[in-house]
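Just so we're clear, the structure is a prediction, and the values are computed from it rather than from any experiment.
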There are 2 protein chains.
Amino acid sequence: MRKQLGAIRGVKVGDKFRYRAQLNIVGLHRHFTNGIDYIKSRDGKILVTSIVDSGRYANNMQCSDVLIYSGEGGNSPFNKLKPTDQTLERGNLALKNSTEAQTPVRVIRTFKLSKSSCYVYYGLYIVEHLSKERGQFGKMVYKFRLRRKAGQPEITFKL
Amino acid sequence: MRKQLGAIRGVKVGDKFRYRAQLNIVGLHRHFTNGIDYIKSRDGKILVTSIVDSGRYANNMQCSDVLIYSGEGGNSPFNKLKPTDQTLERGNLALKNSTEAQTPVRVIRTFKLSKSSCYVYYGLYIVEHLSKERGQFGKMVYKFRLRRKAGQPEITFKL
DNA sequence: TAGACGTAGA
DNA sequence: TCTACGTCTA
């Protein structure tokens with residue numbers, strides 16, 4: 001399985017996929033459930049390769065080039081464990097490192113229409129800011145602001 | 001998605017698949033995690049269409065035309081809930097009904113070789129007997145004995 | 001071995 | 001809403 005930062009050969013912005021398994025196969029995002037995928041860089045720091053925004057967390061879903069993405073852990077509205085403060089490790093740490101390194105992050109967003117849904121590759125983003133806020137369950141949540149790199153095709157849907 | 005008893009057009013005995021998602025796509029087995037898939041027949045009884053033997057439960061893995069398949073619920077060695085007696089509902093009830101109706105069941109078995117694995121379609125089986133035993137956790141477990149229908153191709157592997 | 005924005009069907 | 005023989009990486 002490919003592990004790399006940036007664009008994936010053969011995958012175009014706007015490409016659609018039915019299952020997370022397909023994202024894995026083409027190399028866009030290796031995990032089946034994790035929202036944040038990352039690799040270890042030469043200097044030992046982990047950097048984000050891709051994120052999937054399925055709409056489970058309280059992310060900003062505006063139709064703009066800016067995406068607010070919640071960190072992982074402790075606050076999923078659907079898991080049954082009791083909420084906890086998010087920690088700066090694993091995916092969250094990788095997103096912080098990516099903010100500093102300004103490396104490109106592949107963004108995949110879920111598009112829902114009535115009962116069906118698909119994953120859409122939105123292209124490359126840069127993490128430009130992170131903040132720590134109190135989430136809906138009263139616990140600390142990381143919020144990452146990603147901005148879409150300029151010059152990429154618009155995403156359009158045939159309805 | 002197709003819901004039917006018996007063979008699936010276009011799928012041959014011995015066909016191999018990487019993911020449960022693919023079993024769903026071709027119509028062999030609709031569930032992503034459930035081991036037992038079933039439909040409601042004309043007279044209102046539920047009948048098994050297919051089972052997946054992933055080796056999670058304590059099934060009989062002999063290389064023969066007989067497969068002992070454990071019922072679902074209460075005794076998965078990997079779930080963290082406390083073991084309970086299995087009940088004759090859902091998949092277990094459907095398997096019992098299939099025993100009486102002698103309807104064909106598609107069998108998919110996991111084949112593991114070192115770290116990789118795949119799902120192999122073994123063809124059609126008939127459920128010929130069920131029993132209730134005390135399982136490894138001291139709780140009651142249904143055991144279903146399935147026999148492969150005669151006249152189907154042998155399964156071979158290139159190693 | 002655990003953790004994670006999975007899936008479909010009842 | 002819940003259950004269920006998922007599936008990957010660290």
J.: With rounding to the closest Å, how many angstrom separate the C1' atoms on D/dC2 and C/dG6?
T.: 15 Å
J.: Quick one about B/T87 and B/E89 (side-chain donor to acceptor, distance below 3.5 Å, no hydrogens or angles considered), yes or no?
T.: yes
J.: Distance between the P atoms of C/dA2 and D/dG6, in whole angstroms?
T.: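 Straight-line distance between the two P atoms is 16 Å.
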J.: Here's a test for you: under side chain to side chain donor-acceptor pair (under 3.5 Å), which of A/R30, A/H29, A/H31 qualifies with A/S50?
T.: A/H29
J.: Would you kindly give the NE2-to-P distance between A/H31 and C/dA4, to the nearest whole Å?
T.: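 In whole Å, C/dA4 P and A/H31 NE2 are 11 Å from each other.
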J.: Can you tell me the pairing partner of C/dA2 across any strand shown, Watson-Crick or G-U wobble, with both distances under 3.5 angstrom?
T.: D/dT9
J.: Please check the phosphate of D/dA10 (OP1 and OP2 only) for any side-chain N or O of A/R30 closer than 4.0 Å.
T.: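 Indeed, a polar side-chain atom of A/R30 lies that close.
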J.: When you match A/R90 and B/R20 each to their closest nucleotide on DNA chain D, which lands nearer the 5' end?
T.: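 In this pair, the answer is B/R20.
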J.: Rounding to a whole Å, what distance do you find between B/F32:CZ and D/dT7:C1'?
T.: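 B/F32 atom CZ is separated from D/dT7 atom C1' by 12 Å.
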J.: With a cut-off of less than 4.0 Å, is there a side-chain N or O of B/Y38 near OP1 or OP2 of C/dG9?
T.: no
J.: Is the positively charged end of A/R20 above the ring of A/F32, judged by distance under 6.0 angstrom from the centroid and angle within 45° of the axis?
T.: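 Because its charged atom misses either the 6.0 Å distance or the 45° angle limit, A/R20 does not stack over A/F32.
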J.: Could you state the NZ-C1' distance from B/K40 to C/dG9, rounded to the nearest angstrom?
T.: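 Roughly 12 Å, once rounded to whole Å.
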J.: Between D/dC5 and C/dC5, how far is it from one C1' atom to the other, in whole Å?
T.: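 24 Å, rounded to whole Å.
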J.: Does a side-chain N or O from B/Y119 land closer than 4.0 Å to OP1 or OP2 of D/dG6, or not?
T.: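 It does not, given that no N or O in the side chain of B/Y119 lies less than 4.0 Å from OP1 or OP2 of D/dG6.
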J.: Whole angstrom is fine here: how far is it from CG in B/N34 over to P in D/dT3?
T.: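 Rounded to the whole Å, the gap is 12 Å.
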J.: Given the rule in the side-chain hydrogen bond (donor to acceptor under 3.5 Å, both in side chains) test, do A/S70 and A/K143 qualify, once you have shown the distances and angles that lead to the verdict?
T.: CA-CA 5 Å; A/S70 301; A/K143 295 280 187 175; 3.2 Å; yes
J.: Rounded to whole angstrom units, what separation is found between the CD1 atom of B/I25 and the P atom of C/dA8?
T.: 10 Å
J.: Can you work out whether A/R18 or A/I36 has the more 5'-proximal nearest nucleotide on DNA chain C?
T.: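 The residue whose closest nucleotide sits nearer the 5' end is A/I36.
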J.: Figure out the OH/P separation between A/Y57 and C/dG3, and round it to whole Å.
T.: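 After rounding, the gap between these two atoms is 13 Å.
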J.: Taking the side chain of B/T33 as heavy atoms from C-beta outward, which of D/dT7, C/dA8, D/dG6 is closest to it?
T.: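 Of all the options, the side chain of B/T33 is nearest to D/dG6.
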J.: Rounded to whole Å, how long is the line connecting atom NE2 of B/H29 with atom P of D/dC5?
T.: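 For the pair B/H29 NE2 and D/dC5 P, the rounded distance is 9 Å.
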J.: Charged N to carboxylate O below 4.0 Å: is that the case for A/D65 and A/R147?
T.: no
J.: What is the separation between atom NZ on A/K112 and atom C1' on C/dA8, rounded to the nearest whole Å?
T.: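 Rounded to whole Å, this separation is 14 Å.
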